Colleague: 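Following this message is one structure expressed as structure tokens.
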Amino acid sequence: MSFRDRVTLRDAMRGIVEAPLLPLVPKCFDYVGDVAVISIPEELEAYRDSIVSKILSMRGNTRAVLNKVSKLEGEHRVARFELLSGDSAETLHRENGYTYRMDIRKVFFNPRLYWERARVASKVLPGESVLIPFAGVGPFVLPSAGKGAAVCAIEINPDACACLKENVRLNRLEGQVTVIQGDAEYILSHPDSLTNEGFEVPENGFDRAIVPTPYDMDHFLGEVSGNVRKEGKIHFYTFKTDSQILGLIEEYGNMGFEVEFYRRCGNVAPGVSRWVFDLLKK
Ligand SMILES: C[S@@+](CC[C@H](N)C(=O)[O-])C[C@H]1O[C@@H](n2cnc3c(N)ncnc32)[C@H](O)[C@@H]1O
């Protein structure tokens, strides 16, 4: 069956949900491991059970269904969910050859970014030192370590940190990853704290930084840059409208970076997209 032939959830609910409400049924939903994750609009409250039954019938091994009831919230960037089916939302998710244990009710994870993460990991070279602040459960960390880099990962959410440590073990990458729980802004402005945690910072700075920046933390680029060596690389994620991009390229040039590549990696709000910039520090 080709992608075009695939039956969407909305198609599958035709004849079950009354016609005027059908456009409100999401066309698709995500899987994190064997947990299906959907956002059911309030107007479809009366159809929740039938939507859940349909989702469970669409893929045989679905163990739980989560309904996302809020946007990402707070410093940890975690949404609120209702468990509509199943006993637990803890799962093992496979991405780009690595296994991640997590419960997305406690940690941030977006399965749609798998291609972008593979793209960035493909740039990492064996023996590099790589800094990854805002590391989450490790989707940039494990593939970088798997390429033979020495990775320093910083994450503030204790639940995400615990998952990240377990995921490093699960994928047998213990020798190559140092996980530090704490505020990346504080830690990078006090480089001694990296050494105190057992990470040997290269004398001239990291070879590479991968920065999945949360909203409103663009100022963090300066902090990261101070920890990256001259001619080192920074993969910087930021949320912007199309009209802001040209100005941003100029701004990065003025900050002493060469923009080697940039691309949009998904919409996050009307008119606003997540962008990645591959920067070379001059
Ligand atoms: C957008 S998520 C990205 C997570 C992960 N890199 C991924 O792609 O799945 C941002 C992460 O940064 C963490 N975070 C937010 N503020 C932080 C801070 N000041 N220091 C360290 N981590 C922080 C959040 O807990 C969250 O896990």
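Everything quoted here is computed from the prediction, not taken from an experiment. Whatever order the structure lists them in is the order used to number ligands and atoms, beginning at 1.
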Colleague: Do Arg119 and Lys123 pass the side chain to side chain contact (heavy atoms under 4.5 Å, CB included) test, and can you show the C-alpha distance, the side-chain angles, and the key distance before you say yes or no?
Modeller: CA-CA 7 Å; Arg119 185 192 74 82; Lys123 312 271 178 208; 3.8 Å; yes

Colleague: Determine whether the aromatic ring centres of Phe199 and Phe206 lie less than 6.0 Å apart.
Modeller: yes

Colleague: Do the ring centers of Tyr262 and Tyr252 come within less than 6.0 Å of each other?
Modeller: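 No.
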
Colleague: Are Val211 and Phe257 in one and the same hydrophobic cluster, where Ile, Leu, Val, Met, Phe, Trp and Tyr link if side-chain heavy atoms are under 4.5 Å apart?
Modeller: yes

Colleague: Could you pull out every N or O of ligand 1 that sits under 3.5 Å from a protein N or O, with the distance for each pair?
Modeller:
{"residue": "ligand 1", "atom": "6 (N)", "partner": "Phe134", "partner atom": "O", "Å": "2.8"}
{"residue": "ligand 1", "atom": "19 (N)", "partner": "Asp183", "partner atom": "OD1", "Å": "2.9"}
{"residue": "ligand 1", "atom": "20 (N)", "partner": "Ala184", "partner atom": "N", "Å": "2.8"}
{"residue": "ligand 1", "atom": "22 (N)", "partner": "Ile156", "partner atom": "N", "Å": "3.2"}
{"residue": "ligand 1", "atom": "25 (O)", "partner": "Glu155", "partner atom": "OE2", "Å": "2.6"}
{"residue": "ligand 1", "atom": "27 (O)", "partner": "Glu155", "partner atom": "OE1", "Å": "2.8"}
{"residue": "ligand 1", "atom": "27 (O)", "partner": "Glu155", "partner atom": "OE2", "Å": "3.2"}

Colleague: Not counting sequence neighbours, which residues clear salt bridge (charged side-chain N to carboxylate O under 4.0 Å, His left out) with Glu43? List them please.
Modeller: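 Partners of Glu43 by the salt bridge (charged side-chain N to carboxylate O under 4.0 Å, His left out) criterion come out as none, since no residue qualifies.
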
Colleague: Drop me the distance from Leu221's CG to Leu279's CG, to the nearest 0.5 angstrom.
Modeller: 6.0 Å

